[in-house]
Amino acid sequence: MENLELDTTQVKKMLGKHKAKMKFYLGMCAHCSLCAESCFLFNSHDNDPKYMPSYKFINSLGTLYKKKGRIKQETVEEIKANIWERCALCTRCYCPFGIDIPSMIALARSIMRSQGVYPQYDEEKAHPLAE
Amino acid sequence: MVKGKRKPVEEIYSVISKYSKILIVGCGGCVSVCLAGGQKEVFELIEDLKASGGSAKQMDSYTVERQCNMTFLAELDDMADAYDCIVSMACGAGVQYLAERFANIPVFPAINTIAIGVDREIGVYEEKCRACGQCVLSYTGGICPVTKCAKGLFNGPCGGTNSGMCEINNQTPCAWHDIYTRLKDQGRLDDILKIQAPMQWQNQVQRTIVQDAYAERYAK
Amino acid sequence: MEMKSGSNLEKMLRAGHFAFTGELGPPRGTNVEAVREKAAFLKGNVDMVNITDNQTAMVRMSSWAAAIIAIEEGLEPNYQMVCRDRNRLAMQADILGAYAHGMRNILCLSGDHQQFGDHPNAKGVYDIDSIQLIGLVKKMRDEGKFLGGAEIDTPPKFFIGGAANPFAEPLEWRVYRLAKKITAGVDFIQTQCIYNMDIMRKWVKQANEMGLTDKVFILAGVTPMKSLGMARYMKAKVPGMDVPDEIIKRLQGVDRKKQADEGINIACEQIEEFKEMKGVAGVHLMAIEWEHKVPEIAERAKVLPRPEV
């Protein structure tokens, strides 16, 4: 797999801008799985844990903070799957602690877009939202 | 999803020609899927505008996840003021929401919004719904006469059918011929033996939907 | 018998006479004399004249306006109204106005699509369709109410017409669509131009068997071929038109100068058959831009003199 040249300075800058709030959210998650109940994709994928909103933000934005933006190509693919293929960003997910999950997914998407990573709908592969 | 097609570059250039700092905003929603206004198409538009006389202009881009949601438009708050105008590559809804958020900056559309439609193939999209607000598909065999019939007939087919095709040309299938055939195959012709009363058009004023579960929350 | 409208056509049909009606296309301009000239050829030779409404989606003098001129010239008009150009408000307003000016027959049509005409990107209205328009005129007449439910001060009493095309697919559905028009309230039907007599016979037979011809007067549409070229054009280019090869062959079989004459021969043979056909109450002659031939055609079809009712 090709190695993607990430501009870590740019990624870190974007991470830094929202650091306080996002770190707070990441620390607040109690893994109660209530957000999963409100996710239609989780429900329509046989309750696959990979579709839990908490799984999706931890394994995307969470990873980016943990690795300080230095990630391998395979991690890029994993993040891409979590924030686009497994999430429609419908903003319907509900967290009893008030974590703004959509804002976390949206930030992860913006960061990836800044690195030229985004869904390509004219590729001859399955539709990202119809995995 | 919503389907759109990018406007000709000449038309887009004509509206931005007098501005020097331009922000081009893509949309990661429907128009990305139909290859009209996503991040990739934003880059293509910038190249096209440069080639059409805009090479001296400052043209920057940013793609938000969806222009039909204020949360995502908020990402532009810090940067928008630095530009003379914004070009939106979203559908008509996204353009208007963007223009509402940045009411002091001119916002121009780069897309012609065409339809609510389906993905026939990659790059081929077909209109299926005109959002009339009073769906009749239950008695028309799942084929929309408002969208597919050139005359929007509710009691077709008219006398212009031509070997299963529409009178407007022989490449356009006749909606009512198809409705008839499908209902016949399903043994449901009774559904169109009844006269369908005049449509009570619902799409003549701007509509706002409040889902029942939220009626109390948003009660005036 | 109680009349619904008291129009000449209604009286003629209810008296059991074989009706013979004609057509007059309004001018593409304000040339009133042209209307009067055409009218002169029709007067006394037909029971009623269809006044077309932006026929083939080309702008023409409005049908009600040309119909007023026709009345002045002593003709009874059949006011055509298409769904393409007006919404339900304009339709009802024009229906009131048409009645006020003496019109007593109305023909409710979908209308040719605007793409055919000289304003192909016009917004087609199609607020209601032809079957719903039939129901609207009936409601105004029989209930004395507008579509919206309000009472009409002195309701218009129209003899309500509709169109039928037995030759357009799906053929087996056509008689059911006729039944829908009857349920909606149509009093008479004018058919598409007939050339394929086999299909016409079958359609009328079906309508007879379903009891439909007891409830509606069917006027068979006849358009004489002016030339072999016209026959070929209609066969190839006009949607919903069924021109069998035998018609083409008959026109090919005569000298070019005799083709028009042969076209009239064919039309007269058809009219003779319709006079005897159970379920057919008359003929609607559409002599398109051939009004001056109507007296000759009527003579040769042996439908003159027209009965007085």
Side-chain angles (χ1 to χ4, degrees), chain B residues 112 130 132-134 136 139-141 143-185 187-204, chain C residues 56-57 82-84 87-88 91 109-117 120 124-136 138-139 147-148 162-174 176-185 190-193 221 236-242:
Chain B
N112 287 322
R130 297 227 171 132
C132 71
Q134 180 133 310
V136 297
Y139 82 91
T140 57
I143 296 166
C144 175
V146 176
T147 309
K148 193 170 183 178
C149 172
K151 299 178 184 176
L153 302 181
F154 291 94
N155 297 282
C158 72
T161 57
N162 213 346
S163 309
M165 294 294 156
C166 176
E167 70 175 26
I168 61 166
N169 65 55
N170 57 13
Q171 272 91 54
T172 304
C174 167
W176 275 96
H177 191 274
D178 292 353
I179 290 168
Y180 170 79
T181 307
R182 185 171 293 170
L183 290 176
K184 187 182 168 199
D185 291 348
R188 288 172 57 203
L189 283 174
D190 280 355
D191 285 2
I192 52 168
L193 270 179
K194 293 185 283 263
I195 293 173
Q196 193 65 17
M199 184 73 155
Q200 301 304 308
W201 295 103
Q202 303 295 310
N203 57 354
Q204 304 299 298
Chain C
T56 61
V82 298
C83 299
R84 180 192 59 229
N87 70 5
R88 60 192 77 179
M91 284 174 158
L109 303 169
S110 303
D112 294 322
H113 195 271
Q114 59 273 17
Q115 278 198 6
F116 283 113
V125 180
Y126 298 110
D127 179 18
I128 61 175
D129 66 25
S130 61
I131 290 181
Q132 293 163 345
L133 176 56
I134 290 165
L136 177 149
K138 183 182 162 70
K139 183 173 178 147
L147 193 61
N165 184 358
F167 313 102
E169 285 147 351
L171 296 184
E172 65 275 24
W173 182 248
R174 290 295 159 184
Y176 293 98
R177 193 151 188 271
L178 171 66
K180 280 181 83 168
K181 291 197 175 186
I182 293 167
T183 308
Q190 294 177 321
T191 76
Q192 172 69 288
C193 311
K237 301 279 183 199
V238 183
M241 197 72 76
D242 182 347

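First the proteins, then the strands, lettered A, B, ... as listed; each starts at 1. These numbers were taken from a predicted model, which means no experiment stands behind them.
Ranked by heavy-atom pairs shorter than 4.5 Å toward chain B, the options C/Asp112, C/Ile128, C/Leu109, C/Thr183 are led by C/Asp112. Counting heavy-atom pairs closer than 4.5 Å to chain C, the top-ranked of the candidates B/Ile192, B/Asn169, B/Asn170 is B/Ile192. Interface summary for chain B: among C/Ala168, C/Pro170, C/Ala179, C/Gly240, the most heavy-atom pairs under 4.5 angstrom belong to C/Pro170. Options B/Cys174, B/Ser163, B/Gly152, B/Gly160 differ in how many heavy-atom pairs under 4.5 Å they form with chain C, and the most are formed by B/Ser163. Annotation: maximal heavy-atom pairing with chain B below 4.5 Å, among C/Asn165, C/Val125, C/Leu136, occurs at C/Asn165. For the options C/Gly124, C/Gly111, C/Cys83, heavy-atom pairs under 4.5 Å to chain B are most numerous at C/Gly111. Ranked by non-hydrogen atom pairs under 4.5 Å with chain C, the options B/Thr161, B/Ile168, B/Asn155 are led by B/Asn155. Ranking C/Phe116, C/Tyr176, C/Phe167 against chain B, the residue ahead of the rest is C/Phe116, based on heavy-atom pairs under 4.5 Å.
At least one donor-acceptor pair closer than 3.5 Å links the side chain of B/Glu167 to the backbone N or O of C/His113.
For a residue to count as touching a neighbouring chain, one of its non-hydrogen atoms must lie under 4.5 Å from one of that chain's; by this rule C/Arg174 touches chain B with the side chain only. The part of C/Leu147 that comes within reach of chain B is its side chain, from C-beta onward, which places non-hydrogen atoms under 4.5 angstrom from that chain. Residue contact with chain C, scored on non-hydrogen atoms closer than 4.5 Å, involves the side chain of B/Lys184 exclusively. Using a 4.5 Å cut-off between heavy atoms, C/Asp242 does not touch chain B at all. Proximity to chain C (any heavy atom under 4.5 Å) is restricted, for B/Tyr180, to the side chain, taken from C-beta onward.
In terms of heavy-atom proximity, B/Trp201 sits nearest to B/Cys132 at CZ3-CB, 4.1 Å. Of all heavy-atom pairs spanning B/Cys149 and B/Leu153, the tightest one is SG-N, 3.4 Å. The shortest heavy-atom contact between C/Met241 and C/Cys193 is SD-CB, 3.9 Å. Residues C/Val82 and C/Ser110 approach most closely at CB-O, 3.9 Å, considering heavy atoms.
Here C/Asp127 contributes atom CG and C/Arg88 contributes atom CZ; the two are 4.0 Å apart, rounded to the nearest 0.5 Å. The CE atom of B/Met165 sits 8.0 Å away from atom CG of B/Asp178, with the distance rounded to the nearest 0.5 Å. Atom-to-atom distance recorded for B/Lys151:NZ and C/Asp129:CG is 10.5 Å, nearest 0.5 angstrom. Taking OG1 of B/Thr140 as the start and CH2 of B/Trp176 as the end, the distance is 6.5 Å to the nearest 0.5 Å.
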